[in-house]
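Reviewing the structure listed below.
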Amino acid sequence: MATTTASQILHHTTAFLSETLSQRHDHRHHLLSTLRREAPSSNKITTIKPLNLAVENLENAISTTNPSIRSSSLRLAQKVLLSYPDSLLSSLLLSLIYTLDNRPTNASISLLNIFHLDPSLARSQIAPVLFEELFLVHLLPVLRWFNEQRSRILSSLTLGRGYDSDENSKGDVSIVVPCTKLLSKMSGDQALELKELESIYEEVIDENCKVFAKYFKEVVTNGDENSMITPPSVILKESDVSDEISKMEELGFKNGRYNPMWTEGERSVDFLSFSGDLYSSPSYPRRVSPEKIKSISCRRSTAFPTSLNSDSEPELSLEDNMASSGASSSCCSESEAEIEENNRKMALFEPTQSETQKQKQATVADISSTSSEHSMADTDNSPGGGKHTPPKDFVCPITSHIFDDPVTLETGQTYERRAIQEWLERGNSTCPITRQKLNCTQLPKTNYVLKRLIASWKEQNPAGLVSIPPETQQKKTEPSFMLKEIPSSTSPNSVIIQTTIDGTISELRLAITNLCMSEILNESEMAVLQIERFWLEAAMEFDIQSMLSKPPVINGFVEVLLNSADPLVLKATIFLLSELGSRDNGVIHTLTRVDSDVDCIVALFKKGLLEAVVLIYLLRPPTMNLLEMDMVESLLTAIKNKEDDMLKMCLKPKTASVLLLEQILGSSEDSIISSIANAIISTKVIESIIDSLQAEQMERIAAVGILLKCMLEDGKCRNTVADKAELAPVLDSFMSASDGERFEIVQFLYELVKLNRRTFNEQILHIIKDEGEFCSMHIFLSYLQVTLPDQSPVVAGLLLQLDLLAEPRKMSIYREEAIESLISSLGNSEFPAAQRAAAETIVSLQGRFTVSGKSLTRAFLLKQAGHGQIYKNLMRMEQLGKLSGEIEENLEEEKAAEEWERKMAFALVSYEFGLLFEALAEGLRSRCAELRSACFVSATWLVHMLGILPDTGIRAAARVCFLKHFIEIFTSSKDIENKVLSLLALKSFIKDPEGLHDLSSSMKDIKKDLRELRKTSSLAVEILKVLSAGHDSSTAELWTHNELVQVDCSENGEVLSITFYNDMIFSGHSDGTIKVWTGKGSILHLIQEIREHTKAVTSLAFLQPGEKLYSGSLDRTARVWSIGNESLTCVQVHDMKDQVHNLVVANGICCFIPQGAGVKVHSWNGGSKLLNPHKYVKCLSLVHGKLYCGCQDSSIQEIDLTTGTLATIQHGSRKLLGKTNPIHALQVQNGLIYSASSPFDGAAVKIWNASNFGLVGSLPSILEVRSMAISSDLIYVGCKAGTVEIWDRKKQQNRVEILQTGTNDKVLCMAMNANEDVLVIGTSTGQIQAWGLS
């Protein structure tokens, strides 16, 4: 028995492990996946995580170049595996780890343990090469025993049944007869006996593998220095070991090697080779035992050499063998060629890999068969033209060369385009061969069918590309792709299966012939269905792929696609082409050679043949071609379609569609991406794409890319994605993804947590953090350290959010690395894109988003500064469709948002004592507007949060970095929002004495801008008061009024009424005139003067909305005016039947003061009634259906026009010194009633609460007030002495300013524009003045 040394074992095992480590990651991944699948299902769930951790660390050790990282990764992986029970996967991983750690002995022992645990899987899928080189030499007795038993069965069949033969072949049974022909003649008992033999053979091989694996481990453990260990005996059934060994030695085997010196010459031993592919199943050695030949000296060499590749083994018919035997019947001694052939066969057992590879590359020449079983003959050759002579139909009769561009004329003859074109240009109009006259001399399109056949022939016959005369051409028969027989398998396991296959070989050949040669469409269609059935039933147990992958067959399939209308046939054709194309790139090359073939496949897909998308994907069309194909709609249909009724193809149609759609989105213009993304969302295909996140790796990554594009285009869909997506598979894909795919996954997760609900955001973050096989935070941290500069801000932003799910700790490596990366990116001027991404990331970390995923940070800060219209508009859009019952939920969301904002701001400002401030300050000086804007918003937010967070000294660092920038923006920016934001930041600084001191140098400019900003933001008034140290005198500094213009209208009498409408001013005069003035730009420029009232116009009023002006006059009429661009037109006149002294209007009615007592309510339909008949009313105000009356006796009443009820606000007073104290003006605003009269009781203006009629304030004016106007901050009162007093509305005791009209007349009426920056007054002397507020 042969012995094996430790050095030999180490040589083989080390070579195998080194080759495994040097191969690509996907090869190792395939091997490890195979072992995972073979693991017991009960253990998979509980044991998969430690094994995955070991795999992860092993891959890190392989890929890294850092010795310390490699060492630590190997130690961790080894520690995990040593605590894990023995298994195939753990043993293989340990052997790889020991190899990387330069421990070959341990690596060899761990690897050999695989053959002890599961020898069948080890020798078939894990390490077939190692089995050949190390184990097989010891198992030759088993092989010989098996072959003798098999030969016994086959020889009994051969001798018992017999074959047709001639006399020359009688008695010569040493010929190797094909298995398929013998099995076709077996009885049922013989087939069963052979099957039982194969089962016993497998069991014996496995048992011996275990024994010798243990022996090899002992040899390696002892080493070469110690005494040799006796090899174990081979375990055999029905045979004695010693007999087998002696028989082996008779064959020429010494110490496990073949030596021709020891051969006796009377035996012929044929062995079949193993496959050298690491991951393919081996075909085990099979020895065909020949019978004793009659004479040793005249041995015939008729046995055909066995192919070393089981996929291409030829089959030799018995007739061919007999013919060859007759050609050499003379006796001769064994030639040197035979010895060399035997040496070549026995060299299979040599350990060198190079010889094995050489044997694997050996091929067998084409063999012509004359058997009647063949349905196709050889391609006809000329009698002496050689094997590679082209068929005559491939040669142009004019040029005698093979066609390059064939065209077929109407006569049926085919010529080279260039040659026939020249023939016609010479003036000929007939066919060169038939001499028939041509009806049209315009040449037709290229004969693509013939061109494809020629191309396939050229591929098979590269030596035949020569020019030959046409007279030497033979008649065309069948194409050459059918020359080779279906190969017979050499594995013992496949012998029984081939019994079934043999009966259908002829049927398959006939179907291929019909497909390629028949001109009847129905025959070709039936052939396709037969081929499909054969493909599915064969289950690839033998190689029919090589038969179907030939260009003529592929072109036959294409012709069916072009002409057939049968859905079943079309599906079957697409299925077969897809299966072949997925296995052979030559098929794809054949299909893409002619553009019309691709167009046909695309057209079928767009017509509803969804399976065609698989073939389109395999064709790998460029993105531009995909866009030109205009198949996005069909792709969406295929993605949404349920695949229950579809064939099981090499790739699911949905998978192919997702991959193609991602390819289009990944390489298209923004406009195309936008339209496709909107189509995905609107058709709800996005839900099907979300399901793809649970598919295989390739489809999963593509789905991530598509969903990311959809979220970036229409952020509203991210709520759907977040609600339905399973993120664990996405996280598991991260480790095996490429760098570009990894960033896409991170960006997808980063965008996914931009939801408009904070609580939902945190739920998604918890899922990202906790789910998946690996630690997400550790993975993202490792990825952050190697990612590209412009990608690192996104990775850092996601990592920081994951870290802050809990209250920020004192130390966190994740938080520190993330913030450090943001600061580094923000200061990296060499990468502007990285700077912008970092600044925008910081802005988004505030945590508030719209429903579309846009950051609300800027709008929220404006709201905090009292400039909240933008935020209100955004939130109003957010609230559309929401129920009132969600208020409590909204409060919870706001509470969660505030908590998140506090934690995030604290983490950012606390890092390295405000180091982030310096980077943001540098960004504020950038020339890039986008970067500057994002840094400004980020700085404003963080400084604002400093006023909320406890002060740890960081506020001083922020003041040093930002104060000058905020002052500059506030005083120089023309953008009102930027002014407000900078003011919010300054508010945090003025809380400290040091901040106020730093502002002193710019105090004057700041106050000036604060006065201008007070109308926009209440914060401006608050800060201005703080800066003015709270003195009353400073209140006057807030408002300054300047006279703009004065117009003399004395010729029209008194100015009794005046009002603003948009940019126009209307005035009513005592002579019945109404004048229209400009209210903007050149104020009080006269536009129009109308005099349709015959007496004084006492009042002017507007009814909102609508462009109508109402006027009341002493001529007992009320007129309705239509307001045009620059004209006023009377459209209606109402007879009021009484003088109109004061007019107010509402929907459908008006109220006015008549000549006598009471108030008249007049309907525009004609009816009227008298209210409050016991009072002489002096002024009116109508608000929300309630009429307020100021009376002659100083009383004030409220009348509800709906119910008619009357309530008294102030009771009337008696005459003092014979004088009355009437209410001259009445205003109702913001729930307060302002009444103006004479100051007999010390207050000319009194303020009442409109709900309970309580007196809430008064203005201590000593002048008699005749008119009044109220703004948001000020109260204007027009007095009898021709002055206008201005009072602070909040601090009612403070008089801000006094305006002088220049005359000693009465101010009868006043009005302010909508912006409250222009005041217009009318006097009793006919003067109109305009004052500007600055």
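All values below were derived from every heavy atom in this structure, side-chain atoms included, with hydrogens, water molecules and symmetry-related copies excluded.
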Task: Contact check, side chains of Ile512 and Lys550, non-hydrogen atoms, under 4.5 Å - done: no
Open item on the list: So, using side chain to side chain donor-acceptor pair (under 3.5 Å) as the criterion, who are the partners of Lys437 when residues are at least two apart?
Closed with: Ser429
Open item on the list: Test side-chain contact (heavy atoms from CB on, under 4.5 Å) on Lys451 and Ile454; report intermediate values, then the result.
Closed with: CA-CA 5 Å; Lys451 188 172 182 178; Ile454 294 172; 5.7 Å; no
Open item on the list: Once salt bridge (charged side-chain N to carboxylate O under 4.0 Å, His left out) is applied, what residue pairs with a partner in residues 408-420 remain, sequence neighbours excluded?
Closed with: Asp405-Arg417
Open item on the list: Check whether Lys606 reaches the backbone of Met629 with its side chain - one donor and one acceptor, N or O, closer than 3.5 Å.
Closed with: yes
- [ ] Please tell me if the side chains of Ile398 and Pro432 come closer than 4.5 Å, counting only heavy atoms from C-beta onward.
- [x] yes
- [ ] Answer yes or no: is there a side-chain heavy-atom contact under 4.5 Å between Leu438 and Leu424?
- [x] yes
TODO: Dump the intermediate steps for side-chain contact (heavy atoms from CB on, under 4.5 Å) on Phe605 and Leu610, then the final yes or no.
DONE: CA-CA 5 Å; Phe605 173 55; Leu610 300 184; 4.1 Å; yes
Task: Main-chain N/O of Tyr617 paired to Gln663 side chain as donor or acceptor, under 3.5 Å - done: no
Open item on the list: Could you report the tightest heavy-atom contact between Leu661 and Leu635, atom names first, then the distance?
Closed with: N-CD1, 4.2 Å
TODO: Using the test side chain to side chain donor-acceptor pair (under 3.5 Å), find all partners of Thr408 that sit at least two apart in sequence or belong to another chain.
DONE: Thr414, Asn447
Open item on the list: I need the full list of salt bridge (charged side-chain N to carboxylate O under 4.0 Å, His left out) pairs touching residues 559-570, with sequence neighbours left out, sorted by first then second residue.
Closed with: Arg452-Glu559
- [ ] Inspect the surroundings of CD in Glu696 and state if more than 12 heavy atoms from other residues, nucleotides or ligands are less than 6.0 Å away.
- [x] no
Open item on the list: Counting only heavy atoms not in Asp404 (residues, nucleotides, ligands), do more than 12 fall under 6.0 Å from its CG?
Closed with: no
Open item on the list: So which atom in Thr623 and which in Ile664 form the shortest heavy-atom distance, rounded to 0.1 Å?
Closed with: CG2-CA, 4.1 Å
Task: Criterion side-chain contact (heavy atoms from CB on, under 4.5 Å) on Tyr415 and Thr399, from CA distance to verdict - done: CA-CA 9 Å; Tyr415 303 95; Thr399 65; over 6 Å; no
Task: Minimum heavy-atom distance Pro621-Leu626, with the two atoms named - done: CG-CD2, 3.5 Å
Task: Pro653 and Asn641, any side-chain heavy atoms less than 4.5 Å apart - done: no
Task: Pairwise distance CG(Leu659) to NZ(Lys654) - rounded to 0.5 angstrom - done: 11.5 Å
Open item on the list: Rounded at 0.5 Å granularity, tell me how far CD1 in Ile520 sits from CD in Glu525.
Closed with: 11.5 Å
Open item on the list: Side chains of Gln436 and Thr411 only: does a donor on one sit below 3.5 Å from an acceptor on the other?
Closed with: no
- [ ] Compare all side-chain heavy atoms of Leu615 with those of Leu591 and state whether any distance is below 4.5 angstrom.
- [x] yes
TODO: Before giving the answer on side-chain contact (heavy atoms from CB on, under 4.5 Å), spell out for Met649 and Ile574 the whole-Å C-alpha distance, their side-chain angles and the decisive distance to 0.1 Å.
DONE: CA-CA 10 Å; Met649 306 177 69; Ile574 290 294; 4.3 Å; yes
Open item on the list: Looking at every heavy atom in both Ser688 and Ile639, which two are closest together, and how far apart are they?
Closed with: CB-O, 3.6 Å
- [ ] Could you pull out the closest heavy-atom pair between Ala656 and Leu651, with the gap in Å?
- [x] CB-CD2, 3.9 Å
Open item on the list: Are Asp393 and Leu453 packed together at the side-chain level, in the sense that at least one heavy-atom pair is separated by less than 4.5 angstrom?
Closed with: no
Open item on the list: Could you tell me if the side chain of Thr590 sits less than 4.5 Å from the side chain of Ser456, heavy atoms only?
Closed with: no
Open item on the list: The criterion is side chain to side chain donor-acceptor pair (under 3.5 Å); which residues satisfy it with Ser518, sequence neighbours excluded?
Closed with: Glu523
Open item on the list: I need the Leu604 CG to Leu562 CG distance, nearest 0.5 Å.
Closed with: 8.5 Å
Task: Atom pair NZ (Lys571) and OG (Ser578), whose distance is rounded to the nearest 0.5 Å - done: 13.0 Å
Open item on the list: If we check side-chain contact (heavy atoms from CB on, under 4.5 Å) with Leu561, which of these qualifies: Val528, Asp597, Leu577?
Closed with: Leu577
- [ ] State whether the side chain of Trp423 and the backbone N or O of Thr430 hold a donor-acceptor pair below 3.5 Å, judged by distance alone.
- [x] yes
- [ ] List in chain and number order the residues that pass salt bridge (Lys or Arg N to Asp or Glu O under 4.0 Å) with Glu579, two or more places apart in sequence or in another chain; answer none if no residue qualifies.
- [x] Arg583
TODO: Mind checking the CD1-CD spacing from Ile420 to Glu425? Nearest 0.5 Å is all I need.
DONE: 10.5 Å
TODO: Grab the two heavy atoms, one from Leu570 and one from Ser564, that are nearest each other, plus how far apart they are.
DONE: CD2-O, 3.9 Å
TODO: Answer yes or no: is there a side-chain heavy-atom contact under 4.5 Å between Tyr448 and Asn555?
DONE: no
Task: Interatomic spacing from OG in Ser634 to CG in Leu660 - rounded to 0.5 Å - done: 11.5 Å
